[in-house]
Amino acid sequence: MPDDSPIRVAVIGSGPAGFYAAGHLLKDSAGRVEVDMLERLPTPWGLVRSGVAPDHPKIKSVSRVYEKTAEHPRFRFFGNVCFGEDISREDLLAHYHAIVYATGSAIDRPLGIPGEELPGSHAATDFVGWYNGHPDQADLEVDLLSAERALVIGNGNVALDLGRMLVLNSSELATTDTADHALEVLARSRVREVVIVGRRGPAQAAFTNPELRELGELSEADVVVDPSELERGLAVPDPSLKDNAIARQNVEILRRYSERAVAGKPRRIAMRFLLSPVRLIPDEAGRVGAVELVRNELVPDEKGTLRARPTAARETIDAGLVFRAIGYRGLPLPGVPFDERQGVIPNDGGRVTDPSTGVTRPGEYVVGWIKRGPTGVIGTNKRDAQQTVDAILADLAERRNGSGGELSPDSPDAASVERLLIARKPDLVPYDGWLEIDRHERVHGERQGRPRVKLTRIDEMLRIAAAESPDPEE
Ligand code: NAP
């Protein structure tokens with residue numbers, strides 16, 4: 001390969017990790033790298049569009065960074081193209097020098113307890129997708145009319161997002177990009193209390209400080225922490241606290257909540273600790289009616305980390321809705337190695353490895369949650385993507401010296417893969433098509449004083465994208 005010929009990279013997935021990888025590749029490659037991004041949906045941005053809570057527009061504004069990357073002349077977007085269905089790994093190997101998997105963690109981790117599948121019990125991933133207008137969850141039925149109390153299991157930021165969304169009032173939601181179907185249901189919600197349950201203590205919660213603080217500033221809901229339960233949760237000293245300022249601050253915030261007088265707002269969020277659900281109990285109608293929980297104590301494991309150990313004490317909490325927010329999991333991709341236990345693609349610093357031999361697979365890389373698991377905030381993916389891009393660029397440099405690890409594709413020209421993609425998926429959505437969807441959503445949003453009114457149906461998105469965008473073959 002001559003030294004100045006383009007290096008063609010396919011990025012699979014258009015969330016933050018995929019966009020940061022594309023941005024780093026285009027910035028650091030001395031003009032040689034071209035990036036094609038393939039996305040299952042007609043819309044880009046992954047969890048920035050369908051995960052970040054609608055009342056956090058500042059966090060969503062990170063999409064401007066991705067828009068800049070998308071405007072780069074050596075970047076192309078192919079939406080509505082599903083890896084493994086419309087195009088295979090083998091197809092990509094024939095067209096690209098490197099593939100970067102950036103498919104995130106699409107599904108929830110189950111609790112594995114009886115009653116989990118009862119109506120009224122939901123995965124956080126589904127509820128979050130539903131209020132954010134993800135097409136996969138557009139038809140989810142969330143009954144907010146039958147239940148007055150909802151239980152959220154888990155002590156991470158997703159649990160806080162859910163808790164907040166359940167107690168915001170309709171005028172607060174009306175200025176957000178919450179999906180219309182969810183706005184309508186949330187406006188009529190009868191939920192008055194949300195109980196957020198952690199299996200360990202206040203010091204082990206995975207909340208970040210601004211998110212936990214925000215809970216205490218809600219206009220419609222008191223936040224309630226039982227002082228004796230808080231102190232019970234802190235009774236066993238946690239040695240990791242001395243190096244964890246976030247956790248120390250969380251404890252302070254929770255202590256302030258426990259000391260605060262209840263203001264008598266119409267709704268409340270109760271924070272409970274040292275409890276694990278053991279079964280969901282149906283009501284007469286066969287829906288979730290209550291949750292049986294076991295009280296835990298904290299005991300150090302061999303490394304000194306405090307773990308939850310069940311005691312004999314049990315408690316039952318009436319709740320007509322249960323949300324499990326105990327973490328996400330990646331899905332395997334056809335033909336790509338997968339670590340079932342961790343729910344990630346096995347890798348060595350971003351280079352995909354064969355799980356049986358540990359040997360790296362030339363030309364295949366991974367970024368984001370599907371690389372390291374569902375941890376960290378959006379910005380974490382920037383650093384993470386840089387590590388992978390450094391590996392790609394190092395492999396390319398070695399290749400030039402005759403020993404590197406990228407691929408030697410048969411048809412590395414940009415036009416041939418575009419022809420293939422259009423043949424396989426005539427209604428693929430190029431970046432201009434997404435810009436039409438974006439414009440349509442923003443125009444409708446502006447009329448209602450909202451950032452956008454989201455389209456939630458694929459066919460509708462395709463119609464808007466195709467009606468206005470130039471024929472990709474022209
Ligand atoms: P997370 O931060 O990993 O929290 C998961 C929680 O579930 C932990 O409290 C964990 O407890 C608990 N858990 C796990 N298995 C459990 C079980 N079997 N029974 C009961 N509890 C269980 O996950 P997340 O909330 O899904 O968030 C994912 C990532 O996205 C995080 O990095 C988060 O910070 C980020 N995020 C950020 C924002 C924001 O910045 N605004 C918003 C949403 C999400 P243990 O600690 O005991 O395992």
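Order of appearance sets the numbers: ligands from 1, and atoms from 1 within every ligand.
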Listed pairs under 3.5 Å, donor-acceptor, residues 176-183 side chains, sequence neighbours left out:
unit_1	atom_1	unit_2	atom_2	d
T176	OG1	L173	O	2.6
T176	OG1	T178	N	3.2
T176	OG1	T178	OG1	2.6
D180	OD1	R450	NH1	2.9
D180	OD1	R450	NH2	3.3
H181	NE2	W130	O	2.8

Q.
For W369 and Y328: C-alpha separation, side-chain torsions, deciding distance, then whether ring pair (Phe, Tyr, Trp, His ring centres under 6.0 Å) applies.
A. CA-CA 9 Å; W369 279 6; Y328 288 48; 5.6 Å; yes
**Q.** ligand 1 atoms in contact with N155 (distance to a heavy atom under 4.0 Å)
**A.** 6 (C), 8 (C), 9 (O)
Q. For atom 21 (N) of ligand 1, what is the nearest protein heavy atom, given as residue, atom name and distance?
A. I326 CG2, 3.6 Å
Q) Which protein heavy atom lies closest to atom 2 (O) of ligand 1, and at what distance to 0.1 Å? A) A206 CB, 3.5 Å
Q.
Give me each pair satisfying side-chain hydrogen bond (donor to acceptor under 3.5 Å, both in side chains) with a member in residues 100-109, each pair once, sequence neighbours excluded.
A. Y101-E364, D108-R324
Q) Between R200 and ligand 1, is there a nitrogen or oxygen pair with a distance under 3.5 Å? A) yes
Q: Number the atoms of ligand 1 from 1 as they appear, then name those within less than 4.0 Å of a heavy atom of Y328, with their elements.
A: 26 (O)
Q. Heavy-atom distance to atom 33 (C) of ligand 1: which of N157, D161, V377, L47 wins?
A. N157
Q) Taking distance alone, with no angle check, do T375 and ligand 1 share an N/O pair under 3.5 Å? A) no
Q | Nearest heavy-atom neighbours spanning E211 and I59 | A | OE2-CD1, 4.4 Å
**Q.** Protein contact to atom 23 (O) of ligand 1 [nearest heavy atom, distance to 0.1 Å]
**A.** G327 CA, 4.1 Å
**Q.** Shortest protein heavy-atom distance from atom 35 (C) of ligand 1, along with the residue and atom involved
**A.** G376 O, 3.6 Å
Q. Looking only at heavy atoms, what is the nearest atom pair of L160 and I196, with distance?
A. CD2-CD1, 4.1 Å
**Q.** Gap separating the OG1 atom of T43 from the CE atom of M461, nearest 0.5 angstrom
**A.** 5.0 Å
**Q.** For atom 30 (O) of ligand 1, closest protein heavy-atom neighbour
**A.** W369 CZ2, 3.5 Å
Q. Which is it for A308 and ligand 1 at heavy atoms under 4.0 Å: side chain, backbone, both or neither?
A. neither
Q: Show your reasoning for whether ring pair (Phe, Tyr, Trp, His ring centres under 6.0 Å) applies to H122 and F323.
A: CA-CA 5 Å; H122 299 279; F323 298 96; 5.6 Å; yes
Q.
When you compare the side chains of K265 and S219, does any donor N or O come within less than 3.5 Å of an acceptor on the partner?
A. no
Q: Kindly indicate whether atom 4 (O) of ligand 1 is approached by any protein heavy atom to under 4.0 angstrom.
A: yes
**Q.** Pair D55 + R164, salt bridge at N-O below 4.0 Å
**A.** yes
Q: Would you mind listing which atoms of ligand 1 come within a distance below 4.0 Å of any non-hydrogen atom of P374?
A: 28 (C), 29 (C)
Q. Could you give the distance from OG (S50) to CG (L41), rounded to the nearest 0.5 Å?
A. 7.5 Å
**Q.** Derivation and outcome, salt bridge (Lys or Arg N to Asp or Glu O under 4.0 Å), residues E148 and R192
**A.** CA-CA 5 Å; E148 291 202 3; R192 290 290 165 266; over 6 Å; no
Q: Run down the list R199, Q204, R109 and name the one with the heavy atom closest to atom 16 (C) of ligand 1.
A: R199
Q) So which heavy atom in the protein is nearest atom 39 (C) of ligand 1, and how far is it from that ligand atom? A) E211 OE2, 3.7 Å
Q.
With respect to G154, determine whether any N or O atom, backbone or side chain, lies less than 3.5 Å from an N or O atom of ligand 1.
A. no
**Q.** Distance from atom 27 (O) of ligand 1 to nearest protein heavy atom, with residue and atom
**A.** V158 CG2, 3.6 Å
